Asks: 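Take this structure first; my questions come after.
Everything quoted here is computed from the prediction, not taken from an experiment. In what follows, every heavy atom counts, from backbone to side chain, and hydrogens, waters and symmetry copies are set aside.
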Amino acid sequence: MSVTNEQTPNQMPVPAELRRWVEDVAKVTQPDRVVYCDGSAEENERLIAGMLETGELHRLNPETYPNCYLHRSNPTDVARTEHLTFICSETPEETGPTNNWMSREDAQKKVWPLFQGAMKGRTMYVVPYVMGPLGSPMSKAGVEITDSAYVVANMRIMTRMGRAAIDHINATDGTFVRGLHSLGDLSPDRRFICHFPKEREIWSIGSGYGGNALLGKKCHALRIASCQGRDEGWLAEHMLILGIEHLSGPRKGETTYIAAAFPSACGKTNLAMLVPSLGDEFRVFTVGDDICWMRYGEDGRLWAINPEAGFFGVAPGTGKQTNSNALASLGKNSIFTNVALTENNEPWWEGLTKEPPQRLTDWQGRPWTPASKEKAAHPNSRFTAPAAQCPSISPKFDSPEGVPISAIIFGGRRAKLTPLCVQARDFAHGVFLGATMASETTAAATGQVGVVRNDPMAMLPFCGYNMADYFGHWLRMGERTGKDKLPKIFLVNWFRTGDDGKFLWPGFGDNMRVLKWIIERVHGEGGAQDSPIGLLPTTDAIDVRGLKLPEGGMDRLLSIDVAGWREEAERQRQFLSKFGERMPKEMWRQHQALLSRLE
């Protein structure tokens, strides 16, 4: 084994603790050589050239997609594997009923031996990275050891990676999250993603797919960070962050920042990069599209950063009509995974154009035509693009202090039950709305339409500890500052349908009309009326100028089906009961209050 990269421990100020860990891992995994990554453009070019030579990457049309590449993964390795994702806390009770638990002893016996000799014949890359803006007191460091050059190239886009991360570790307390990743043999039978919250450690083997292999993303920035936040008094959330600037009126020049949590297939990325209707009144800035870290500032308000440096977005459905900002973000310096390829050597996926090309190469490298039975791009195909390339990126994106959050939105997909929008009565009620939020599955996701699934605060797959304790942490966060400093909390539903099954609300850019009401409520304005589930907009409170809603559409969008909500309250009771005595009493108090209001 040799350390042959230009940036060896002797040439980069690698902390002794990191060096020892790398040496220990190398003894087990037995790579041919070890490379300490510095994150430079020259290093990236060498990696890209090597992957082009092996066929791991395919260069896209340099005129239309400069410095862009296509990667095709193993057909058995195309998505996060939640059933093979484990939280290895000391007890199953600490992990909770919504997570998979494995003891550290079992992980040591079952998973660790899979790393023995796993990197023989391969290069071990040591990837230091920072989640969050450099120089921010809210940012956290990690180091991923991997045998995948594809992972290194993606981590360079998704994080602040390389020499800057080593400098961050040396300038702070020297701690970092340890992530060990190996492709192994890519067998689903030998695929595990294990998280050790107490040790701040991650093991991942048998997968090269993004969420399983880019350990800075869901593994570190949510599962491990949620535990760090619990222990240190902050929040790591599966939320977008957007800024809304007033272009006119008494607040001209002011920007209101909102964090929002949505389960998959509920328009999260589209909202993060919103091109608003009412464009003469507002401009929308993207701070982040997926993950949000929030902690209290000296002024008593919650301040947020986006810990990521890039977008790891789902390609299908992304087009000029649905998300022009996302499309503009990925036109250069990007990596595409499992998309189709046109005859002009350009990426393509369902939803990119109104009609598909007559001939394509599909995501597995096979000829494809519109008559083919399977989709050209994999439904979970991805793009990895630098966030700085997004036309709507916020000037505060890299701000070390972050942005102050005035409102938090929870949202789901409910065809009949949930109104267009509702405001929580107070912070604790807002925690209850987030804790009990649920969404109906889509056919694309499960093959079954309308199955209601709980996804508390959109964190169900990503909370690194017992969610009852997580709800308790949220409630305690709400007690740490004055009520006037807390963000207002809202629940939204863009997906309500009429009797004909068609959406009552146009969505997309017109969601700005709901955000306008939310901003008004933040400032103590905007019409609101009481209801059993919270404060609804009055029927004239939402700005619908120029909007063609169905007759009586706003009344239907804001109506409350009391019988339906009684059924929902029973479903909520069953869900909350899963957590036993760990469920905070305040959650049950909120549930009882809902039942009383429904009488």
Asks: Can you list the steps and then say if C219 with I193 is a side-chain contact (heavy atoms from CB on, under 4.5 Å)?
Replies: CA-CA 9 Å; C219 296; I193 301 92; 3.8 Å; yes
Asks: With rounding to the nearest 0.5 angstrom, report the CG to OH distance, L47 to Y125.
Replies: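 It is 5.0 Å, given to the nearest 0.5 Å.
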Asks: Given 3.5 Å as the limit, does a donor-acceptor pair link the side chain of T353 with the main chain of E355, or not?
Replies: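 A pair under 3.5 Å: yes.
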Asks: Are more than 12 heavy atoms, taken from residues, nucleotides or ligands other than R283, located less than 6.0 Å from that residue's CZ atom?
Replies: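 No, not enclosed.
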Asks: Looking at every non-hydrogen atom in both residues, tell me the closest pair between N306 and G288 and how far apart they are.
Replies: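 Nearest heavy atoms, N306 then G288: ND2-CA, 3.3 Å.
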Asks: Do other residues, nucleotides or ligands put more than 12 heavy atoms under 6.0 Å from R359 CZ?
Replies: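 It does not: R359 CZ has 12 such atoms or fewer within range.
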Asks: About how many Å separate CG of L70 and CH2 of W363, when rounded to the nearest 0.5 Å?
Replies: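 Between atom CH2 of W363 and atom CG of L70 there are 11.5 Å.
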Asks: Please check if the side chain of E350 supplies one atom and the backbone of A376 the other of a donor-acceptor pair under 3.5 Å.
Replies: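 Indeed, once roles are kept as given, a pair shorter than 3.5 Å links the two residues.
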Asks: Consider only side-chain N and O atoms of S207 and D77, and report whether a donor and an acceptor are under 3.5 Å apart.
Replies: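 A pair is found: one side chain offers a donor N or O, the other an acceptor, under 3.5 Å apart.
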Asks: Given the rule in the side-chain contact (heavy atoms from CB on, under 4.5 Å) test, do M457 and H238 qualify, once you have shown the distances and angles that lead to the verdict?
Replies: CA-CA 8 Å; M457 302 179 181; H238 187 212; over 6 Å; no
Asks: Kindly indicate, with the supporting measurements, whether the criterion side-chain contact (heavy atoms from CB on, under 4.5 Å) is fulfilled by R80 and Y209.
Replies: CA-CA 7 Å; R80 280 187 294 108; Y209 167 77; 3.9 Å; yes
Asks: Is it possible for you to check whether R160 lies under 6.0 Å from the centre of the six-membered ring of F397, through NZ or CZ, and within 45° of that ring's axis?
Replies: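 That pair qualifies as a cation-pi contact.
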Asks: After noting the C-alpha distance and the side-chain angles of L460 and M467, does the key distance pass the side-chain contact (heavy atoms from CB on, under 4.5 Å) rule?
Replies: CA-CA 8 Å; L460 189 70; M467 291 205 88; 4.1 Å; yes
Asks: Are side-chain heavy atoms of P128 and H168 found at a separation under 4.5 Å?
Replies: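 They are not in side-chain contact.
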Asks: Give the C-alpha distance, both sets of side-chain angles, the deciding distance and a yes or no for side chain to side chain donor-acceptor pair (under 3.5 Å) between N67 and Y69.
Replies: CA-CA 7 Å; N67 197 32; Y69 305 91; 3.1 Å; yes
Asks: Going by the side chain to side chain contact (heavy atoms under 4.5 Å, CB included) test, name the single residue among L114, L186, L180 that passes it with I205.
Replies: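 Passing option: L114.
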Asks: If we ignore hydrogens and angles and just use 3.5 Å, is the side chain of S334 paired with the main-chain N or O of G331 as donor and acceptor?
Replies: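 Here the side-chain-to-backbone pair does not exist.
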Asks: Do V275 and S324 have side-chain heavy atoms sitting under 4.5 Å apart?
Replies: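 A side-chain contact under 4.5 Å exists here.
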Asks: If only atom types and distance count, is the side chain of T322 paired as donor or acceptor with the main-chain N or O of G317 below 3.5 Å?
Replies: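 At least one qualifying donor-acceptor pair exists.
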Asks: When you check the side-chain N and O atoms of R413 and S439, is any donor under 3.5 Å from an acceptor?
Replies: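 Result is no, nothing qualifies.
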Asks: Side chains of V177 and L215: does their closest heavy-atom pair fall under 4.5 Å?
Replies: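 No - every pair of side-chain heavy atoms lies 4.5 Å or more apart.
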Asks: Please determine if R178 and E17 form a salt bridge, counting it only when a charged side-chain N lies under 4.0 Å from a carboxylate O.
Replies: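 Looking at R178 and E17, the cut-off is met.
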Asks: List the steps and the verdict of side chain to side chain donor-acceptor pair (under 3.5 Å) for H181 and N212.
Replies: CA-CA 9 Å; H181 168 255; N212 300 332; over 6 Å; no
Asks: Who pairs with R200 by salt bridge (Lys or Arg N to Asp or Glu O under 4.0 Å), at least two apart in sequence or on another chain?
Replies: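 Once residues adjacent in sequence are excluded, the partners of R200 under the salt bridge (Lys or Arg N to Asp or Glu O under 4.0 Å) criterion are D231.
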Asks: Any side-chain to backbone donor/acceptor pair from R122 onto P31? Under 3.5 Å, distance only.
Replies: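 It does not hold such a pair.
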Asks: Specify the closest pair of heavy atoms between T342 and P357, including all atoms of both residues, with the distance to one decimal.
Replies: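 In terms of heavy atoms, the two residues are closest at CG2-CG, 4.5 Å.
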Asks: Give the minimum heavy-atom separation between P263 and A458, together with the two atoms involved.
Replies: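 What the structure gives for the nearest pair is N-CB, 3.8 Å.
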Asks: Do C266 and F495 have side-chain heavy atoms sitting under 4.5 Å apart?
Replies: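 C266 vs F495: side chains touch.
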Asks: Is it true that, when you exclude Q358 itself, more than 12 heavy atoms of the residues, nucleotides or ligands shown sit nearer than 6.0 Å to its CD?
Replies: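 No, not enclosed.
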Asks: Does any N or O in the side chain of H195 come within less than 3.5 Å of the main-chain N or O of P197, such that one atom is a donor and the other an acceptor?
Replies: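 No, H195 side chain to P197 backbone: no donor-acceptor pair under 3.5 Å.
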Asks: Going by heavy atoms in the side chains, are R382 and V314 under 4.5 Å from each other?
Replies: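 Heavy-atom side-chain distance check passes, below 4.5 Å.
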Asks: Considering non-hydrogen atoms only, spot the tightest contact between F336 and L330 and give its length.
Replies: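 Smallest interatomic distance, heavy atoms only, reads CZ-O, 3.4 Å.
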Asks: Would you say the ring centroid of W203 lies under 6.0 angstrom from that of F196?
Replies: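 Yes: the rings meet the under 6.0 Å criterion.
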Asks: Is K218 salt-bridged to D290, going by a charged N under 4.0 Å from an acidic O?
Replies: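 Between D290 and K218 there is a salt bridge, with a charged N closer than 4.0 Å to a carboxylate O.
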Asks: Is the side chain of S182 donor-acceptor paired with the backbone N or O of G184 at a distance under 3.5 Å, no angle test?
Replies: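 Answer holds: yes.
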Asks: List the atom of I393, the atom of F311, and the distance in Å for their closest heavy-atom pair.
Replies: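 Looking at all heavy atoms of both residues, the shortest contact is CD1-CZ, 4.5 Å.
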Asks: Calculate, to the nearest 0.5 Å, the distance between atoms CZ and NE2 belonging to R72 and H378 respectively.
Replies: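 Rounded to the nearest 0.5 Å, the CZ-NE2 separation comes out at 14.0 Å.
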Asks: Rounded to the nearest 0.5 Å, what separates atom CG in N333 from atom SG in C68?
Replies: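 If I round to the nearest 0.5 Å, the distance is 6.5 Å.
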Asks: Hey, are the side chains of P13 and D167 touching, using non-hydrogen atoms and a 4.5 Å cut-off?
Replies: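 Yes, their side chains come closer than 4.5 Å.
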Asks: Does R163 pair with E43 as a salt bridge, N-O distance under 4.0 Å?
Replies: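 Looking at R163 and E43, the cut-off is not met.
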Asks: Within the side chain of N61, is there an N or O that forms a donor-acceptor pair under 3.5 Å with the backbone of N344?
Replies: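 Yes; at least one donor-acceptor contact below 3.5 Å.
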Asks: Just how far is it from atom CG of N380 to atom CG of N338, taken to the nearest 0.5 Å?
Replies: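 Here the interatomic distance stands at 8.5 Å.
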Asks: Hey, are the side chains of P391 and S329 touching, using non-hydrogen atoms and a 4.5 Å cut-off?
Replies: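 Heavy-atom side-chain distance check passes, below 4.5 Å.
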Asks: How far apart are the C-alpha atoms of S73 and Y150, what are their side-chain angles, what is the distance that settles it, and do they pass the side chain to side chain donor-acceptor pair (under 3.5 Å) test?
Replies: CA-CA 10 Å; S73 73; Y150 166 80; over 6 Å; no
Asks: Any idea which heavy atoms bring A377 and A340 closest together, and the distance?
Replies: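 Looks like CB-N, 3.9 Å.
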Asks: Could you tell me which residues satisfy side-chain contact (heavy atoms from CB on, under 4.5 Å) with K396, sequence neighbours excluded, listed by chain and number?
Replies: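 Expected list: Y257, S394, S399, E401, V403.
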Asks: Under 3.5 Å, is there a donor-acceptor pair between the side chain of T81 and the main chain of L84?
Replies: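 Flag not set: sc T81 to bb L84 has no pair under 3.5 Å.
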Asks: Would you give the length of the straight line joining atom CG of D38 to atom CD1 of I166, rounded to the nearest 0.5 angstrom?
Replies: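 Separation between the atoms: 10.5 Å.
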Asks: Please confirm whether the backbone N or O of F285 pairs with a side-chain atom of E245, one donor and one acceptor, at under 3.5 Å?
Replies: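 Side chain of E245 to backbone of F285, a donor-acceptor pair under 3.5 Å: no, none is there.
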Asks: Should the pair Y470 and Y465 be assigned to parallel (<30°), tilted (30 to 60°) or perpendicular (>60°) ring geometry?
Replies: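 Because their plane-to-plane angle is over 60°, the rings of Y470 and Y465 count as perpendicular.
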Asks: Counting C-beta onward and ignoring hydrogens, is there a side-chain heavy-atom pair between T269 and L240 closer than 4.5 Å?
Replies: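 No, their side chains stay 4.5 Å or more apart.
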